[in-house]
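First listed ligand is number 1; within each ligand, the first listed atom is number 1. Owing to the predicted nature of the structure, the values given are computational and were not obtained by experimental measurement.
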Amino acid sequence: MIIAANFKTNHTRVSTKTYMDKLAAFVEKEAITEDVLVFPPATSLDSYHYHDNLRVGVQNAYPVEKGSFTGEIGLEQISEFGIKTILIGHSERRHILGESQEEIAKKFAFFAEAGFEIVYCVGEPKEVREKGIESVMAYNLSQFEGIDTNYENLIIAYEPVWAIGTGLTASNEQIEETLGELKKHVAKPLLYGGSVKVANTKEILEIKNCEGILVGTASWDVDSFCEMVAIAKRLS
Ligand code: PGA
């Protein structure tokens, strides 16, 4: 299974180091073999190399080696830390920061070419969910436009926009149905994200076709994230 933590705009360089040390000690002590991914903010990136299955990734980057792109980081800055994992297409980047599907596809192609492990996010807003599964799938599949879904190092995260950071989790039936439909189109590991917490981790990980979780808010506390990793271990 894949258990991923998205810090978003939380944690500092110092608190990320404390977090990573604690998480690495936990992974070691519990002999965790699940894939554990952590996406800290760009200022907290560093050469974190503990175990092959505990990896740090970037939440975003600009699809260039280096150059004049004020405020962005490129491949050169990421590679300094040996990082080879990236989150692409997160709904906050799509809907708050206005990243278009075209820009996202460019980013995807660039980091695929560079051999990155890509966690690619899709998910529908509330008004689309209310129209039913056909609309939900049409929306989600449109977010694969320009994306090579056969890329070997690809993980898909299904994160309904209305469930992110809202405390509203999609129902198990909604998750199962959507993941089942997605699986017909993309033969890659599927994660669910959207208000996952310790209390619902087990039931979500037990859903058919759910191979992991992408956790925001509940991952910011290292003890609660470790607990979710422990739950995944018990299930596998
Ligand atoms: P949340 O965020 O767990 O706070 O809902 C999930 C995500 O955005 O990846």
Tyr48-Phe81 aromatic ring centre distance below 6.0 Å: no
Lys106/Glu103 salt bridge by N-O under 4.0 Å criterion: no
Ion pair check, Lys208 and Glu176, cut-off under 4.0 Å: no
Test: Lys233 and Glu34 ion pair at under 4.0 Å: no
Pair Arg55 + Asp35: basic N to acidic O under 4.0 Å: yes
Residue contacts for ligand 1, heavy atom to ligand atom, distance under 4.0 Å: Asn6, Lys8, His90, Glu159, Ala163, Ile164, Gly165, Gly194, Ser195, Leu214, Val215, Gly216, Thr217
Mutual orientation of the aromatic rings belonging to Tyr19 and Phe7 [parallel < 30°, tilted 30-60°, perpendicular > 60°]: perpendicular
